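It should be emphasised that the depicted structure is a prediction, and the values quoted were computed from it without experimental measurement.
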Amino acid sequence: MRTMAVAAIETEKFLEIIEVELDGSQAGEALIEIYATGTVAVTNPAEAEID
């Protein structure tokens with residue numbers, strides 16, 4: 001099965017949306033799709049101001 005995924009290909013780089021090939025689910029496994037996870041306020045933790 002082909003699907004889209006978000007992956008960290010290299011450290012210190014932006015995440016990339018890629019197409020991946022997944023094997024079908026096996027016994028004891030489940031495929032979970034996340035449609036929305038909210039918003040990201042800070043994309044670079046090094047730039048976050050923490051008091």
Side-chain angles (χ1 to χ4, degrees):
M1 142 199 223
R2 293 193 70 73
T3 188
M4 302 302 288
V6 176
I9 304 299
E10 296 180 48
T11 59
E12 310 261 341
K13 301 287 183 183
F14 289 109
L15 296 174
E16 296 182 30
I17 299 172
I18 60 173
E19 192 170 344
V20 295
E21 181 72 33
L22 297 178
D23 295 333
S25 298
Q26 303 297 316
E29 297 180 339
L31 177 63
I32 299 172
E33 293 184 41
I34 300 174
Y35 289 94
T37 60
T39 59
V40 177
V42 177
T43 57
N44 184 351
E47 295 176 0
E49 293 182 23
I50 301 173
D51 295 326

With sequence neighbours excluded, what pairs up with Ala8 under the side-chain contact (heavy atoms from CB on, under 4.5 Å) test? Leu15

Not counting sequence neighbours, list each pair that qualifies as a salt bridge (charged side-chain N to carboxylate O under 4.0 Å, His left out) and has a residue in residues 9-20. Arg2-Glu19

To the nearest 0.5 Å, what is the distance between CD on Glu21 and OG1 on Thr3? 10.0 Å

Kindly work out whether a path of hydrophobic side-chain contacts (I/L/V/M/F/W/Y, heavy atoms less than 4.5 Å apart) joins Met4 to Ile9. no

